[in-house]
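A note on names: the letters A, B, ... follow the listed sequences, proteins ahead of strands, and every chain is numbered from 1.
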There are 2 protein chains.
Amino acid sequence: MKNLKLNNRQAKAIETKAKIYDSADQLFRTYGFDHVSVDSIVEKAGVSKGSFYVHFDSKNSLISALATDFVARLDLDYKSFLESFPPNAMASEILLSIVGKIVDVLTLTIGYNSMKIIYEALITRTINTDPIVGYDRELYKMFNEIIKKGIDQQEFQTEMTIDTITKHCIMAIRGITYEWCIRYPDFDLKSEVLIHFKILLNGLKKQ
Amino acid sequence: MKNLKLNNRQAKAIETKAKIYDSADQLFRTYGFDHVSVDSIVEKAGVSKGSFYVHFDSKNSLISALATDFVARLDLDYKSFLESFPPNAMASEILLSIVGKIVDVLTLTIGYNSMKIIYEALITRTINTDPIVGYDRELYKMFNEIIKKGIDQQEFQTEMTIDTITKHCIMAIRGITYEWCIRYPDFDLKSEVLIHFKILLNGLKKQ
DNA sequence: CAAGTATAATGACCATAGTCAGTGACTTAA
DNA sequence: TTAAGTCACTGACTATGGTCATTATACTTG
């Protein structure tokens with residue numbers, strides 16, 4: 001267990017990190033990632049460049065931190081969305097709805113530029129990927145519940161484990177989102193995801 | 001139609017471009033894209049940095065050229081593999097075989113490091129991705145043929161167009177390969193791809 | 001052949017991400 | 001209180017992708 005009491009020095013450090021984080025957030029929202037330099041971030045924050053690299057491994061690491069925090073908040077959103085379904089709803093319908101919801105968030109709320117940077121950071125491994133791809137992520141638990149429901153209701157086949165199906169569903173979303181990132185703007189993420197899930201759900205059906 | 005006769009100056013220019021291309025190819029294979037600078041390429045090629053930018057718009061443009069040539073060679077290999085199947089073979093079996101073949105090439109011949117570099121380049125660099133992801137790529141034509149055969153033989157449903165199914169199959173391979181790149185080494189590409197295609201093929205079957 | 005033109009090639013230069021040895025304010029232990 | 005030690009912080013510096021005014025030289029034309 002870490003010591004929760006902070007001394008002045010540690011408090012100052014957290015404050016410095018927050019100044020950098022907030023300045024970057026504002027600048028990125030105004031000018032976009034590509035048009036904001038590390039120099040301009042530290043100037044706005046009123047700290048030195050070296051200080052930036054004390055608190056963040058890289059510019060991308062900061063961007064990923066911003067986006068990851070945002071995405072983590074969204075899992076809560078997905079969860080409340082999921083809880084709004086009646087208990088007798090069909091699993092395949094819930095699945096399609098939540099997938100549609102997720103895709104809407106990716107395209108409309110987060111947006112292409114941020115998604116591209118996250119997916120880039122995931123593959124270059126310049127960040128801790130666990131909050132996004134780790135099987136502990138709340139998103140996996142939610143999908144797990146839905147799939148379990150589908151099997152219990154005899155909608156889905158039982159040839160594969162719940163975990164396997166869950167992983168493949170989320171992997172499919174991620175894969176199509178990657179495709180979106182490399183084909184943008186000539187690719188409609190939502191319709192392609194829905195088509196893909198139509199095939200997948202058909203393949204998962206009992207019989 | 002361009003003039004096919006080259007004068008000395010044009011011949012020298014082509015030679016210079018080739019020197020840059022070959023030097024880059026060797027260096028990239030040895031050290032990877034990220035660890036080879038433009039300076040080191042032009043030094044090895046024995047030309048100036050400015051000369052590099054006469055022949056290539058950017059470092060990424062050069063990478064793109066290399067990737068284009070590489071992919072073209074791969075597709076030839078896949079094609080000859082495809083032609084080895086008897087005419088009466090089932091489409092789903094051919095599909096599974098070629099998918100297995102592709103995955104073997106990705107994992108064994110190309111390898112994780114190079115694949116990561118390519119997938120990273122696709123999403124990060126502003127390279128011309130067309131030779132790899134463009135629907136004109138030979139790979140799409142090959143898949144198209146197989147899917148068409150499956151529909152003609154009444155194996156597959158006709159709810160979606162051949163093109164749609166083709167695109168979603170290749171997108172699935174690419175998506176799972178992306179997942180492999182971000183989870184390596186805790187992910188068995190071949191078995192996951194085969195599981196995913198089992199679901200997909202089941203979902204594509206007639207009835 | 002001489003003068004003019006086109007273009008391949010040059011390398012000094014710029015912008016920006018990232019580094020690191022050094023500084024001094026703060027913490028800790030006597 | 002004070003000396004020793006820690007660590008957030010600094011900013012000059014490096015590395016590298018890319019630019020551009022200039023130069024060298026092959027080609028063209030009169």
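Nucleotides of DNA chain C with any atom under 4.0 Å from a heavy atom of chain B span, from 5' to 3', C:dA6 to C:dG11.
Applying the side-chain contact (heavy atoms from CB on, under 4.5 Å) rule to A:Asp39 yields the partners A:Ser37, A:Lys49; only residues at least two apart in sequence or on another chain are considered. Qualifying salt bridge (charged side-chain N to carboxylate O under 4.0 Å, His left out) partners for B:Glu159, counting only residues two or more places apart in sequence or in other chains: A:Lys198. Every residue two or more places apart in sequence or in another chain was checked for a side-chain hydrogen bond (donor to acceptor under 3.5 Å, both in side chains) with A:Thr30, and none qualifies. Partners of B:Lys101 according to the side-chain hydrogen bond (donor to acceptor under 3.5 Å, both in side chains) rule, which considers only residues two or more places apart in sequence or in another chain, do not exist here. Listed by chain and number, the residues in a side-chain hydrogen bond (donor to acceptor under 3.5 Å, both in side chains) with A:His196 are B:His168 (sequence neighbours excluded). Listed by chain and residue number, nothing satisfies the side-chain hydrogen bond (donor to acceptor under 3.5 Å, both in side chains) test with A:Lys141 (two or more places apart in sequence, or in another chain). Here A:Ile14 pairs with A:Leu6 under the side-chain contact (heavy atoms from CB on, under 4.5 Å) rule; sequence neighbours left out. For A:Tyr31, the side-chain contact (heavy atoms from CB on, under 4.5 Å) test picks out A:Leu27, A:His35, A:Val36, with sequence neighbours left out.
Salt-bridge annotation for B:Lys205 and B:Glu155: absent, with no side-chain N of the basic residue lying under 4.0 Å from a carboxylate O of the acidic one.
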Please list, for nucleotides 15-19 of chain D, all pairs of protein and nucleotide N/O atoms separated by less than 3.5 Å.
unit_1	atom_1	unit_2	atom_2	d
D:dG17	OP1	B:Lys59	NZ	3.0
D:dG17	OP2	B:Val38	N	2.7
D:dG17	N7	B:Lys49	NZ	2.9
D:dG18	OP2	B:Tyr53	OH	3.2
D:dG18	OP2	B:Lys59	N	2.9
D:dG18	N7	B:Lys49	NZ	3.1
D:dG18	O6	B:Lys49	NZ	3.1

Close N/O contacts between protein and nucleotides 22-26 of chain D (under 3.5 Å):
unit_1	atom_1	unit_2	atom_2	d
D:dT25	O2	B:Arg9	NH2	3.3
D:dA26	N3	B:Arg9	NH2	2.4

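Counting only residues at least two apart or in different chains, salt bridge (charged side-chain N to carboxylate O under 4.0 Å, His left out) contacts with residues 185-196 of chain B comprise B:Asp104-B:Lys190.
Side-chain nitrogen and oxygen atoms of A:Thr16 include none within less than 4.0 Å of the OP1 or OP2 phosphate oxygen of D:dA8.
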